[in-house]
Structures are given as structure tokens and as C-alpha cells.
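This report concerns only the one structure given below.
Computed from a predicted model, the values in this text were never measured in an experiment.
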Amino acid sequence: MIILLGGNSCTGKTLMSQKLLEKYNMPYLSMDHLKMGLYRGDENCGFTPLDSNEVIGEKLWPMIKGIIMTNIENDQNLIIEGCYLLPQYVKDIEIAYPDQVISVFLGFSSKYIKENFTKIIEHRNAIENRKYPEERTINDHIQAHDEFRTKCLEWDANYFEIDQNYEEEIQKAYRYIDARMSMLNAVKQL
């Protein structure tokens, strides 16, 4: 089984990956680690860490797709998470492997960002140790989430938006993953 977790920075993808790792005993791959490994290994890799999510996502997708396909072919489980996981690419892999891929995209409503911006920034280090300060403004976050929501809707992605209460609303994404895991495991056993 492959679980793909996408969404903008600071939405809780890495924390969700860690919790799913513990629950399902599945390893996870951070696309941030892949990005930095490629860049540090070859500064001429076709992107810089400062490029947009779309530019980096486009460069990383062929490798991520190959990793997904190899895991599926070998009947291995993996969670892949990152802001570089783009809905248009995920849709293709879901169509190719409908019984082996579960995707979830996380986002915040403008209202949630306005009311909880300080809290969002405080929790950005829940799993990863980000030693650099957050440079994006509240308006930058709102614009990024609005654009991401539009793209997810355009590609009919499994989009889960936090609007009022993070802890309660993120449970919808967990329940979706649990239900899909149960269903796909039942199909697999037939």
C-alpha cells in the first residue's frame, strides 16, 4: 500500500506520516529529504531549494513515481509526504494503481490562517527541526493555500481543509485513510 500526503508547508504532513508509521508499521519518505539530497549531491540537478513547489515537484515526480511503482511491484508499503507532491501527478498514479494508492492533501482555510497564524508557525517544528525563521507573511500563507485548494479541486484530489479546529478536523483525513486501508486490504485478501 502506498499512502501519499501532500499539502502546503506547516499543515501537519510530517506529523501525520509519523503517526501513520506508528499505526501501520510503514516507513515514510520525506520529499524534503529527497530534494535536499539531490541538491546537495548535485547543485546542477535542475532546481534550487528556493524554487517554487511546482518547479521542484515537477523535477522530483519522475523519481517519486518510480519509487511508488517499485514498491507496488514488490508488494511493499510506503508513506510519501511533502509539499512537492502535486495533485495532477498523484491523479495519474491513482488511476494506474487504484487498489494500491491512497492520497490525502491537507490545507487551511483563509479564516483558519487568519485566526491561528501564530499557532501554525509555532507548530512548524512538530517533527522537523527547522532552524530558520518563517519568512512568509500571513497573506503569503493565505494566497498559497487558496491556490493549492483550487489546484486540488481542479484535479479532484482528496482534499481535507482545516477551517476551525485542527485536532478535530484532521481526524477526517485519518478516518479516510483508515477506511481506505481497510477496504483495500479486504480487496487484497479476496
Side-chain angles (χ1 to χ4, degrees), residues 1-41 45 53-54 56-107 123-130 148 151-152 155-162 166-190:
M1 198 68 57
I2 306 296
I3 300 175
L4 304 174
L5 303 175
N8 285 323
S9 183
C10 303
T11 52
K13 299 175 305 298
T14 307
L15 179 60
M16 180 177 272
S17 296
Q18 182 66 36
K19 288 183 177 185
L20 293 171
L21 172 153
E22 294 166 6
K23 180 173 186 168
Y24 292 114
N25 197 28
M26 293 172 66
Y28 78 85
L29 169 66
S30 167
M31 290 181 73
D32 279 334
H33 295 171
L34 180 60
K35 169 193 77 172
M36 290 310 297
L38 287 169
Y39 181 72
R40 286 178 171 161
C45 64
N53 291 352
E54 289 74 24
I56 296 171
E58 184 178 321
K59 295 290 184 184
L60 294 181
W61 180 249
M63 286 169 275
I64 292 298
K65 183 178 179 181
I67 290 169
I68 292 168
M69 293 169 68
T70 301
N71 275 264
I72 289 172
E73 290 163 2
N74 289 291
D75 199 26
Q76 295 172 320
N77 300 318
L78 182 63
I79 301 162
I80 301 174
E81 65 88 11
C83 59
Y84 311 112
L85 200 57
L86 305 175
Q88 63 267 32
Y89 299 132
V90 169
K91 187 52 70 179
D92 285 342
I93 203 80
E94 282 181 317
I95 290 169
Y97 300 99
D99 295 335
Q100 289 111 348
V101 175
I102 301 169
S103 69
V104 164
F105 291 89
L106 303 175
H123 287 94
R124 67 192 280 268
N125 290 323
I127 296 291
E128 297 173 311
N129 186 14
R130 298 176 182 170
F148 187 70
K151 187 165 280 209
C152 285
W155 289 98
D156 195 29
N158 301 312
Y159 178 72
F160 294 84
E161 185 168 86
I162 308 302
Y166 187 91
E167 294 304 321
E168 289 178 14
E169 293 174 282
I170 197 69
Q171 292 306 313
K172 293 176 187 173
Y174 282 108
R175 285 192 297 271
Y176 173 79
I177 292 168
D178 289 343
R180 290 278 295 147
M181 286 289 285
S182 294
M183 184 190 78
L184 295 176
N185 282 328
V187 167
K188 208 175 185 182
Q189 292 179 7
L190 292 179

**Message:** What's the separation between atom OG in S103 and atom CD1 in I80, rounded to the nearest 0.5 Å?
**Reply:** 12.0 Å
**Message:** Just verifying a value: how many Å separate C45 SG and I56 CD1, rounded to the nearest 0.5 Å?
**Reply:** 8.5 Å
**Message:** What I'd like to find out is whether the side chain of L20 reaches to under 4.5 Å of the side chain of M26, using heavy atoms alone.
**Reply:** no
**Asked** Under a 4.5 Å cut-off applied to non-hydrogen side-chain atoms, are L5 and I177 in contact?
**Response** yes
**Request:** To the nearest 0.5 angstrom, please state how far the CG atom of L85 sits from the CG atom of N53.
**Result:** 11.0 Å
**Message:** In the structure I gave you, are the side-chain heavy atoms of I2 and I102 within less than 4.5 Å of one another anywhere?
**Reply:** no
**Complete:** All heavy atoms of V104 vs all of L106, minimum pair found to be CG1-CD2, 3.7 Å
**Asked** How long is the gap from CZ on R40 to NZ on K35, to the nearest 0.5 Å?
**Response** 9.5 Å
**Asked** Cut-off 3.5 Å, side chains only: do K65 and Y89 have a donor facing an acceptor?
**Response** no
**Request:** Search all heavy atoms of I79 against all heavy atoms of S17 and return the closest pair with its distance.
**Result:** CG2-OG, 3.8 Å
**Message:** Distance alone, cut at 3.5 Å: any donor-acceptor contact between the side chains of E161 and Y159?
**Reply:** yes
**Prompt:** Is the number of heavy atoms from other residues, nucleotides or ligands within 6.0 Å of CG (N25) greater than 12?
**Reply:** no
**Message:** Counting only heavy atoms not in E58 (residues, nucleotides, ligands), do more than 12 fall under 6.0 Å from its CD?
**Reply:** no
**Item:** Short side-chain to backbone donor-acceptor contact, T70 and G66, under 3.5 Å
**Value:** yes
**Request:** For the residue pair E22 and Q18, confirm or rule out a side-chain donor-acceptor distance under 3.5 Å.
**Result:** yes
**Prompt:** Would you say R175's side chain and I170's backbone share a donor-acceptor pair under 3.5 angstrom?
**Reply:** no
**Request:** Compare all side-chain heavy atoms of K19 with those of Y174 and state whether any distance is below 4.5 angstrom.
**Result:** yes
**Closest non-hydrogen atom pair, P87 against W155** = CB-CB, 3.9 Å
**Prompt:** In Å, rounded to the nearest 0.5 Å, how long is the span from CD1 of I68 to CD of E73?
**Reply:** 11.5 Å
**Request:** Kindly compute the distance separating CG (N71) from OH (Y97), expressed to the nearest 0.5 Å.
**Result:** 11.0 Å
**Asked** Y176 and F160: aromatic ring centres closer than 6.0 Å?
**Response** yes
**Heavy-atom neighbours of K59 NZ exceed 12 at 6.0 Å** = no
**Full working for salt bridge (charged side-chain N to carboxylate O under 4.0 Å, His left out) between D178 and K23** = CA-CA 10 Å; D178 289 343; K23 180 173 186 168; 2.8 Å; yes
**Heavy-atom check, side chain of E81 versus side chain of S30, under 4.5 Å** = yes
**Request:** Applying side-chain contact (heavy atoms from CB on, under 4.5 Å), run through V101 and I72 and close with a yes or a no.
**Result:** CA-CA 9 Å; V101 175; I72 289 172; 4.1 Å; yes
**Prompt:** Got I67 and L29 here, is their nearest side-chain heavy-atom distance under 4.5 Å?
**Reply:** yes
**Item:** Stepwise salt bridge (charged side-chain N to carboxylate O under 4.0 Å, His left out) test for K91 and E94
**Value:** CA-CA 5 Å; K91 187 52 70 179; E94 282 181 317; 3.7 Å; yes
**Note, F148 side chain near C83 side chain (heavy atom, < 4.5 Å)** = no
**Request:** Over all heavy atoms of both residues, which pair between M16 and A173 is shortest? Give the atoms and the distance, please.
**Result:** CE-CB, 3.7 Å
**Closest non-hydrogen atom pair, F105 against V90** = CZ-CG2, 3.7 Å
**Message:** Any heavy-atom pair between the side chains of Q76 and M1 that's under 4.5 Å?
**Reply:** no
